[in-house]
Amino acid sequence: MFRYKTKNLRSSLLFLLTIITSLMLVTTCGGNSDENSTSNQNQTVDKSNTTGLSDWELENGFGPVKKKLNLGPIDKSMASEGEKIFESKCASCHKLDERYVGPAQRDVLQRVTPEFFMNTVLNPDENLEKHPHSKKMLAEYMTKMTNQNVTLKDARALLEYFRILDEELKSKNKSN
């Protein structure tokens, strides 16, 4: 009789412990999606940014580009100039489709914003020092991106070149 009660008590405790553990998992793993952001009329502040950078810096890096670019249609003449600049200043470290000294660049605009791209080209040193994405790239490739003293006009031409490559890549992916 005593053995029966002990076994029954043990089963009940195990069942109770299972219920309590399940409840703890449900309440701690769930969560309200609003906890990660708060809304202040028209502005949403993302609380998930714990880098110490502003949301702008995190998305767009450090450099002279301080606001979203109004890109408009691709300027093919500027893109042609950008291709020449890429070949003369970037291709010694970057290939379009394969890892070289630095990462492959054909899909760069699918990885970073146009503003981040330009800020990195124009200001690689500060981005390598402060931005987590640039630091991650440095850790992965073990080579600092060299400051090529690219002008704002040249960086914009490079951006147009990569916008064409990005459009080609998107078209290719649609057809596959």
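Note that the coordinates shown come from a computational prediction; the quantities given were computed from them, not determined experimentally.
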task: Give a yes or no answer on whether the side chain of H131 reaches the backbone of L58 with a donor-acceptor pair at less than 3.5 Å.
output: yes

- prompt: Taking C-beta and beyond as the side chain, do L96 and F162 meet within less than 4.5 Å on heavy atoms?
  reply: yes

statement: Residues passing the side chain to side chain contact (heavy atoms under 4.5 Å, CB included) test with S54, sequence neighbours excluded, are W56, E57

- request: Say whether, by atom type as modelled, one donor and one acceptor occur between the side chain of T146 and the main chain of Q148 under 3.5 angstrom.
  value: no

message: Starting from M137, can I reach F62 by hopping between I/L/V/M/F/W/Y residues whose side chains sit under 4.5 Å apart?
response: no

- prompt: So does E87 pair up with K84, basic N to acidic O under 4.0 Å?
  reply: no

field: Salt bridge R99-E140, side-chain N to carboxylate O under 4.0 Å
entry: yes

message: Atom OH of residue position Y141 - does it have more than 12 heavy atoms of other residues, nucleotides or ligands inside 6.0 Å?
response: yes

4.5 Å side-chain heavy-atom contact, R106 and L169: yes

- request: Assess whether salt bridge (charged side-chain N to carboxylate O under 4.0 Å, His left out) is satisfied between E160 and R156, documenting all intermediate values.
  value: CA-CA 6 Å; E160 288 302 295; R156 186 65 179 85; 2.3 Å; yes

message: side-chain contact (heavy atoms from CB on, under 4.5 Å), that's the test. Do M118 and E115 meet it? Break it down for me.
response: CA-CA 5 Å; M118 286 188 62; E115 296 79 11; 6.0 Å; no

query: Is any NZ, NE, NH1 or NH2 atom of the basic residue among E59 and K68 found under 4.0 Å from an Asp or Glu carboxylate oxygen of the other?
result: yes

Under 3.5 Å donor-acceptor, D166 side chain and L109 backbone: no

field: Under 3.5 Å donor-acceptor, N147 side chain and P124 backbone
entry: no

query: Would you find a donor on one side and an acceptor on the other, under 3.5 Å apart, between the side chain of N173 and the backbone of S175?
result: no

query: Between the main-chain N or O of Q110 and the side-chain N or O of D107, is there a donor-acceptor pair closer than 3.5 Å?
result: no

message: I'd like to check N119 versus P64 (side-chain heavy atoms, cut-off strictly below 4.5 Å). Are they in contact?
response: yes

- request: Give the C-alpha distance, both sets of side-chain angles, the deciding distance and a yes or no for ring-ring contact (aromatic ring centres under 6.0 Å, His included) between F116 and H133.
  value: CA-CA 10 Å; F116 187 95; H133 176 75; 5.4 Å; yes

Criterion side-chain contact (heavy atoms from CB on, under 4.5 Å) on L69 and L159, from CA distance to verdict: CA-CA 11 Å; L69 299 169; L159 177 61; 3.7 Å; yes

task: Using a 4.5 Å cut-off on heavy atoms from C-beta on, say whether the side chain of Q105 contacts that of P103.
output: yes

